[in-house]
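A, B, ... follow the sequence lines: proteins, then strands. Residue 1 opens every chain. What you see is a predicted model, and the numbers here were worked out from it, not measured in a lab.
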Amino acid sequence: MALFADTGLRLHEFVRRPATIVLVLAVPPLAIETYGTALESFPQLPGLAEPARVGRVTGTLFAVAFLAGLVGLFQVISSRSGDERLVLCGYSRMRLLGTRLLSLFTVGAVASAVALATLGLRVDVAAPALAFGVLIIAIVLYGLLGVTVGSVLPRELEGSLVLVFAADLDNALSSDLFDTGVVGRFAPLHHPHALFESAVVSGELAGDHLLPTMAYLIGFLVVAVVAYTRAGVRAPRS
Amino acid sequence: MSPTGTAVAMGAREVVRQPVLVALFVFLPAYLVGVFTIVVPDTGVTIQLSSGPEISTTLGDVVPAVMAPLAAALLGGIAGLLLVQSMSVADRRLLVVGYRARQLVVARLALLSMIGLVASVAAVAAMRLAFAPASLGWFVVATVLAALIYATSGMIIGALFNRLIGIYLILFGSFIDLFLFQNPIASDAPVGAAFTPGRHPLDAAMDAAFGDDVPLSAVASGLGVLAGLVVVAVWVIRRSATSAS
């Protein structure tokens with residue numbers, strides 16, 4: 001119960017800023033639509049049937065995933081000293097991490113609903129509930145990535161650069177723009193992208209990609225927990 | 001030393017004090033371009049240069065040549081945004097003690113030029129392992145120009161929006177602009193693609209990479225865009241400093 005109360009406080013702090021509402025409600029739809037429009041002019045690439053649809057599908061997944069990554073990153077960076085004080089007051093690190101993850105999950109879920117609605121305006125989504133579930137997986141995956149990067153690199157510029165370059169690479173490798181072979185299959189969003197594509201196009205669960213997605217999720221969770229708790233050990237006590 | 005020179009020296013000292021950051025300026029662009037030189041298949045494609053001719057080449061040459069300016073621009077944009085935000089308190093004090101907004105923007109831009117140059121050289125060096133542009137010097141010029149245009153855009157975005165929105169816009173903006181809108185593989189680009197900040201630097205980069213002519217007009221147009229953005233940055237930073245004080 002206390003975990004939800006703490007999360008409520010974090011969310012209240014988050015939604016008090018109008019710019020954040022804009023970020024969640026307006027920027028992902030803009031990114032999705034622009035992505036789709038931009039890919040319409042790519043007729044030459046082999047295997048890229050219906051480029052505009054591919055662009056909107058990829059844009060939707062990436063728009064919400066990256067948003068969660070950024071929220072995770074800046075939650076950890078901006079609250080680092082505050083968290084240390086809370087630990088001194090008796091809060092457990094796992095509880096603090098839990099509130100961070102729950103609040104970014106809530107923000108990501110709202111952004112996912114908005115993004116999916118945006119996608120639905122231009123593309124027939126065969127299984128909306130399944131597609132929404134995949135978006136949730138993607139936001140947890142990238143949220144954990146953001147928490148990990150923010151814990152390891154607590155300066156804004158360093159953390160942002162690493163997250164942005166990782167996301168850019170992941171986006172390009174997992175987007176089906178090119179056949180990137182075995183390297184592309186290791187991109188964190190490769191399997192969620194296949195799951196999302198399948199949910200949107202055929203309405204089926206792409207079973208081959210579910211297990212690798214879950215493996216990534218568990219792996220990222222373990223790494224994020226270790227990074228977050230180790231960052232607390234390293235942080236100077238003021 | 002002039003006030004602008006002092007601001008540049010102090011800013012550079014602050015950056016150099018963070019060795020991880022300096023290492024990232026080199027590593028990240030080289031890594032991004034390096035991965036693409038490895039993974040992109042050698043499929044044949046035809047591209048249309050802004051200077052006119054159609055060139056038959058491979059995806060394995062085109063994609064690294066596009067990624068190098070993109071990597072430098074992405075790094076420049078994020079650095080511009082966060083440096084402006086992190087230095088905003090100090091900048092307001094400098095305005096109070098007599099600095100002009102123009103001097104501060106020039107000082108920050110000089111610092112970002114150094115960062116952009118480092119990132120550009122790293123990105124081009126990684127690209128050079130797989131692909132040799134027709135004119136290496138002009139390609140580096142175009143890459144640095146892309147970094148500077150995005151760094152200035154980052155300064156403007158940093159003065160107008162919070163960091164979450166700013167980074168989001170720069171990531172999507174640079175990818176959509178440089179990798180999708182301006183990609184020479186693309187045909188029938190949307191009307192808006194002609195007005196995005198990456199158009200002239202990427203035209204210059206592609207002319208330098210695949211053409212025979214020196215991309216003077218594209219570079220000149222890119223410098224014009226940069227000058228316009230600097231004027232906007234001076235106005236925006238002066239306005240945000242005045243409204244905050």
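- The two residues A:Ile77 and A:Pro154 come nearest to each other via the heavy atoms CG2-O, 3.3 Å.
- Taking 4.5 Å as the heavy-atom cut-off, the residues of residues 30-37 of chain A that approach chain B are A:Ala31, A:Thr34, A:Tyr35, A:Thr37, ordered by number.
- Between A:Pro51 and A:Leu39, the shortest heavy-atom distance links the atoms CB-O, 3.0 Å.
- Heavy-atom distances place the side chain of B:Leu24, and not its backbone, under 4.5 Å from chain A.
- Contacts from residues 195-203 of chain B to chain A, taken as heavy-atom pairs separated by less than 4.5 Å, involve no residues at all.
- In this structure, A:Phe220 and A:Tyr216 have perpendicular ring planes: the angle between them is above 60°, well past the 30° mark.
- Neither the backbone nor the side chain of B:Ile170 comes within less than 4.5 Å of any heavy atom of chain A.
- Within residues 160-168 of chain A, the residues that have a heavy atom under 4.5 Å from a heavy atom of chain B are A:Ser160, A:Leu161, A:Val162, A:Val164, A:Phe165, A:Ala167, A:Asp168, listed by number.
- Between B:Glu14 and B:Met87, the closest side-chain pair of non-hydrogen atoms falls below 4.5 Å.
- The side-chain heavy atoms of A:Leu96 and A:Tyr228, taken from C-beta on, include a pair separated by under 4.5 Å.
- Counting heavy-atom pairs under 4.5 Å between each of B:Val40, B:Asn162, B:Leu75 and chain A puts B:Leu75 at the top.
- B:Arg163 has its side chain out of reach of A:Leu70: every pair of non-hydrogen atoms, C-beta onward, lies at least 4.5 Å apart.
- Although no hydrogens or angles enter the test, the distance criterion places no donor-acceptor pair under 3.5 Å between the side chain of A:Thr58 and the main chain of A:Gly55.
- The distance from the CG atom of A:Leu61 to the CZ atom of A:Phe66 is 13.5 Å, given to the nearest 0.5 Å.
- Only the side chain of B:Leu82 comes within contact range of chain A, with heavy atoms under 4.5 Å apart.
- Under the side-chain contact (heavy atoms from CB on, under 4.5 Å) rule, B:Pro184 has a single partner from B:Leu49, B:Val66, B:Asp207, which is B:Val66.
- Within the 4.5 Å cutoff, side-chain heavy atoms of A:Ser103 are placed close to those of A:Gln75.
- The aromatic rings of A:His191 and A:His209 sit tilted, their planes meeting at an angle between 30° and 60°.
- Listed here is the closest heavy atom pair of A:Ala109 and A:Phe132: O-CE1, 3.6 Å.
- The shortest side-chain heavy-atom distance between A:Thr118 and A:Thr60 does not fall under the 4.5 Å cut-off.
- Judged purely by atom type and a 3.5 angstrom limit, B:Tyr168 uses its side chain to pair as donor or acceptor with the backbone of A:Ala63.
- When each of B:Leu74, B:Leu70, B:Leu83, B:Leu28 is checked for heavy-atom pairs under 4.5 Å with chain A, B:Leu28 comes out on top.
- Residue B:Phe179 touches chain A through both its backbone and its side chain, counting heavy-atom pairs closer than 4.5 Å.
- With a 4.5 angstrom heavy-atom cutoff, B:Ala71 touches chain A via backbone and side-chain atoms both.
- In terms of heavy-atom pairs under 4.5 Å with chain A, the best-connected choice from B:Met67, B:Gln18, B:Gln85 is B:Gln18.
- The shortest non-hydrogen separation linking B:Val33 to B:Ala123 is CG1-O, 3.7 Å.
- For chain B, no part of A:Leu73 is nearby; none of its heavy atoms comes within less than 4.5 Å.
- Distance check: A:Leu141 CG to A:Leu144 CG gives 7.0 Å after rounding to the nearest 0.5 Å.
- With sequence neighbours excluded, the residues satisfying side chain to side chain contact (heavy atoms under 4.5 Å, CB included) with B:Val35 are A:Leu169, A:Leu173, B:Tyr31, B:Val39.
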